[in-house]
Amino acid sequence: MTTEAGSETEVKEKAEESAAQPDQSEKSTEETQEVANAEGEEKEKEKEGKGIARYLPTWLKKQKSQSQTSPTKEVPPAEDAVSKETQKEDESAPEVNGHAEEAEEKEAVKSELVTAKEAESHSTASADTEPAKEEKVEESAEKSPEKTPVTAEGEGAEEQEGEAEGKKEGGGGGEGGQTSIFQSPLRLVRKTKMKVMVCHVTLLDGTDFDCEVEKRAKGQFLFFKVCEHLNLMEKDYFGLSYTDSHEQKCWLDPTKEIKRQIRNNNGQFVFNVKFYPPDPSLLTEDITRYLLCLQLREDVASGRLPCSFVTHALLGSYTLQAEFGDHEPEQPRPLDNVGQLTFAPNQNKEMEEKVLELHKSHRGMTPAQADVQFLENAKKLSMYGVDLHHAKDSEGVDIMLGVCANGLLVYKDRLRINRFAWPKILKISYKRNNFYIKIRPGETEQFESTVGFKLENHRSAKRLWKVCVENHSFFRLTVPEQPTKARFLTLGSKFRYSGRTQAQTRTASSLIDRPAPNFERTSSKRISRSLDGAPRISITEATSENGREPHLELHSDSKVKEVDLSPGDAEATPTQSPMRVHGDNIYVRHSNLMLEDHDKTQEDVLKHQASISQLKRSFMEAPPPSPPQPNQWENRLTSSPATIRIQQQQQVSLEEEIASVLLSRHSGFCSAPSACSVAEPTLDGDITTSTASRLTAVCSAAAPLAATEESEPQAEAAAADNAISDTKEPAKTTEVEIEETVVVQEVSVAPKPGLVTVTTSSPAGPPAEQETLEQEVTVEAEVVVAEEAKAAKQESISSESESEEEAEYHPNLSICHTQIPEEEEEQQQQEEEEEDKTAEQDVSAPDAPSLPAEVGQPVEATSREEEESRNEDAEEEKNAEEERETKASADGPEMTPDEALNGHTLPEESVTAEEEPRMNGEASLAEAEHRPQVICCSEPPVVKTEMVTISDTFAAQKTEIATKEVPIVHTETKTITYEAAQLDGNGDGEPGVLMTAQTITSESLCTTTTTHITKTLKGGLSETRIEKRIVITGDCDIDHDQALAQAIKEAKEQHPDMSVTRVVVHKETELAEEED
Amino acid sequence: MANMCPYGRFTHAVVRGIPETFGKAVEGGRENGETSVDLAKAQRQFGCLTGALRQKVGLQLIEIPPDPELPDSWRIEDVAVIQGDTALITRPLKQQRRSEVEAVRRVVSELNLTVVEMGAEEGDSGGATLEGSDVLFTGREFFVGISSHTNHRGAEVLADTFRDFAVSTVPVCGGARLRNVCSMGGPDTIIISNSDGAKKTLRMMEQLTDHHYEVLIVPEESAANCIYIKGPSKLDFLLHRPAEECPDSVSAFQKLQDYTLLPTACSEASKLGASLSSLCLLINRKHTYF
């Protein structure tokens, strides 16, 4: 990407780090700020910055200073250095306001530095591009000054929040994320040379917002820029769309590079509502509602949102009231105002008169009230929030598929002819131009059915699929599902919703405590009206004022995130960032302390859990200030240890990280009590870790993970986002969803995306997680590569599917497909090119798979006898550890606790999924050794678990599952009996029982058969589903078809009653394309 | 949306008298030979119904005089679908009935309703047929039963007319018409018969709806057609078939809390496949915009 060959690698790294992953970047930034190291680094930075500044042209500096953008961006670090004490400040302060003022006033030097950095970025941009661009930049800078204050501030906030955004700042953002960045000023310089592209974003009020973005910047960067410009905090309902080369409107994926998505597009974007909140009155801020109103006005006026004449008139009258205030009888030509506005596709005088008539009745209504009324009416429209896609049904009849908050609607012409609510959908997939949904069987039906639709082409199918995945995740899940890093999904796309879910965003927005921002209703161009409830300020003034407040607000957001991550996780909806994980860790620690006597029975554990949960709550409830500290602490730990780990034990660190991710996810789901149970594992893990046994650490981590997985099948979904899931305050929500999830698990035979994701980290695909990993792993990239090479040997049997052309998504699924580490490895190999950059990520990926596998085993055992099993596991693991190359890092223990906390909550439910992943992991490991392993799980009630120890070759994967009753047996054949349902953490506990699990490994083939029985209680009705999953992993030489046929045959012989519902073939070699 | 308010608020009822030709002509093609209808009794029952609507419930009643030339004109429900301030003049299946709409159109126009003609757009809605007895409006959405009398084209026209609402099509299995097997029993309550066909229809409705309805299942199909009105007095009225006509279902109605039950006989009309709701069009002229 970079112009300079020499700097390419570095640049890439930086770019990825800074821009690629918002979450990570956020985490990284937070971490950096918080971490003790950060101080030193910051100082260094300052020095660097100064140095750089010297080289920069003065005019650049001036520009920056004017725009104030630079200060804000870099201020954060400075602040950190200045006031570590007040993390609050940092978090809250991230915003430009605080920074700009403080930095400039108190620490002019810092600001200078910052500015210098920005200047650098600008300079680079300008240098790369033609002079014209430079001019543009200048112009923009000049333009902005008035307005910019806000934007600049916003930018600062954004940067802090998501360094990913700060491509320009690249260096700064990257620095936050990675220590390496801090280290060398040279890199900064190089970064400055990065090319810049100009993005034109059309806002909802019709105005344009131009923004310069580094070419490798990810979508999130631009999006955050826009949100800052708008002073929007509840941004999760919105998104940026662009028109692709086929004239199709697409959503800009925040986790992927902008340039790779838009391709032929000239950088034209539209800021739109992406998820229409079903109840706008629950939005926290008026500005959010205002933006939603703008969107809906457009929807109505364009006919996208059809409504009747009366409704048109009514909505128009509220628009009039909001824009022009009270009706003034003496107004000479009242229709003039009305005529300015477009209310309907076919607006006529009659309608305008009706609008005026209704407008008179709104006298005294403030703009905000009018907006509320507008939304209250609009939300009831049947097509509100329905995203329509053209399709044909199986008979070739033209229909429309509407994706909305509740599910998928099928329209023929204007008639609704079918509806599939999200809870009824087990799987969403597409293949070529076919779009499929698998429907949960009804009460009277025995088998799930699959409904297929034909779309115009595969792009349309994929677009619909993505919209479905996102809408489901946003509205249905408490925590987003992890992006599928791995190729688990048969179908190639790893796409997952990466943002916050509605539940999370609601939680986050409930923490917004900034004063209501002033905003101008631009469509009316009206400055202010005496009658208006809210005074309106001219743009300039408003901006200036807004700038501060907004900053504060923004900061608050950032705070929220941070808080969430650290202590507050439970409540706050954490982002995908690792930070959350850290936060979890903190909690975990507490819990660990509490739970030190883990060896006791589960009952004790449960008690502990209760107490822990209380602690958690209290902790979470604790004032914001406290949380930050822990974060820093955690950050430090993570950061420093991580590096160490990397050097020493790559695998371990990776695993830990992964585990942490999983935990975070799970945590979201897990109720507090569950967390307690997890704590036990963590303790073990810690102890073991202390002992320096790598395996132990891994095991501990794995166990917690497994627990988490078990607890919540949905964990998958939570995935990367799960980190965010920390928000658990709301056990309630969680529970509900869990129920759903459970159901899904029952039904779904398909692979679990989440687990897969965790396990496999495809270099290209896995954005956030990988990035995070990258930070830690960076150094070890080479090592990873080596690992990958090894991995390459192992190829999954799965045949290839065109990643872009096919994809599956299991909405509620908890079930994990066994992930095949091999596949991951293969992917890695394939992606080796990218690996250089992502090598770090890749490394993490390998670990991840192993972890899940390990976890899976432990989890099973753990579910009942988590304590004992854990201990045993730990021991076993220790033994194994030696054999294994896995390195246990100090981080491991931390991670584990978190995981444990999170995971334990719902062990019962997710058993199947967990098991499977485990199985996979084992299988994959087995492949390496080529030893046949059979894992059999017998009756649910008995919790006997026998783990077969895998040969040394397998890294970290060897977590052992110890059963209270059954000692660990090293054998080729493993029999594990698992009961998932013992703990009913959730209101509706859905016990899942792993009946049998077999893994047969030969040199070239690994066959894992998992039989899972899940019983679900729904309102008195009990459902029992038996699912059998067979995973075959093998080298490339394997005849997939034959192996598959054989496996199916065997399965049928064993269970004649069973039907094969799904055959999934994964091809490792495929490279996931971010673009699509 | 502007038109959305809980089901049951009505201010006016439009009815059309029973003509002397009641049960003849059009019915001739059917089973009229076997079914002997008592004209006088039918008129008495009609009188009871209108009396209940006017005096018990308190609606303003508009009665269109009967037309002997239109033996089916008393089934006024079929010829218009009225929601809010919009009246869709339908296109009945039978050619003979299409002239029934004229009088109704006049009335709704006088009530200042926005009149939408289904038959007017011949080009677009060519072949569209829709009868009001296949339309169930719940206050939140429309269900259109695809029956022998109502086709998809007709439902599309209805959906195009009432754009604020979701319009879902459901198969009608239990009876000849959707409203024969179900009706509204309250703002969120659907009364439906216990037949297998009705259950199938109900399942489809439940599948298609975004909302949750209470379901009151009555053992007799004839009991499933009721008229629920939240009258001007804010009381809940339910006109239902009397115990003589559906002895097993009356107890079900009594489960409805705080309802004023108005047993209304409809035996003669029901012999012709009609029911209580077939006899009236309900209109709410008190629009509340919020």
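Here is the naming used below: chain letters follow the sequence lines, and residue numbers restart at 1 for every chain.
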Next item on the list: Would you name the heavy atoms of A:Arg419 and B:Leu208 that are closest together and state the gap between them?
Entry: CD-O, 3.1 Å

Item checked: Steps toward side chain to side chain contact (heavy atoms under 4.5 Å, CB included) verdict (B:Arg163, A:Met383) -> CA-CA 9 Å; B:Arg163 297 185 173 206; A:Met383 298 304 286; over 6 Å; no

Margin query: Using the side chain to side chain contact (heavy atoms under 4.5 Å, CB included) criterion, which residues pair with B:Pro171? Sequence neighbours excluded.
Written below: B:Cys173, B:Met204

Margin query: Working to the nearest 0.5 angstrom, can you tell me the gap between B:Asp160 CG and A:Ser308 OG?
Written below: 11.5 Å

Note to self: Ignoring hydrogens, what is the shortest heavy-atom contact between A:Leu415 and B:Ala155? Give both atom names and the distance.
What the structure shows: CD2-O, 3.2 Å

Margin query: Working to the nearest 0.5 angstrom, can you tell me the gap between B:Phe162 CZ and A:Thr311 OG1?
Written below: 12.0 Å

Notebook entry, point to check: What part of B:Thr114 lies closer than 4.5 angstrom to a heavy atom of chain A: side chain, backbone, both or neither?
Noted result: neither

Check: In Å and rounded to the nearest 0.5 Å, what is the CG to OG distance from B:Asp210 to A:Ser382?
Finding: 8.5 Å

Check: Any chance NZ of B:Lys230 has more than 12 other-residue heavy atoms, nucleotides or ligands included, within less than 6.0 Å?
Finding: yes

Next item on the list: Please look at A:Asp413 and chain B and tell me whether the side chain, the backbone, both or neither of the residue comes under 4.5 angstrom of a heavy atom of that chain.
Entry: side chain

Note to self: Could you check whether any side-chain heavy atom of A:Lys424 comes within less than 4.5 Å of a side-chain heavy atom of B:Gln207, counting everything from C-beta outward?
What the structure shows: yes

Check: Of the non-hydrogen atoms in B:Ala166 and A:Arg416, which two are nearest, and what is the gap between them?
Finding: CB-NH2, 3.5 Å

Checklist line | Atom of A:Arg414, atom of B:Ala159 and distance for their closest heavy-atom approach | finding: CB-CB, 3.6 Å

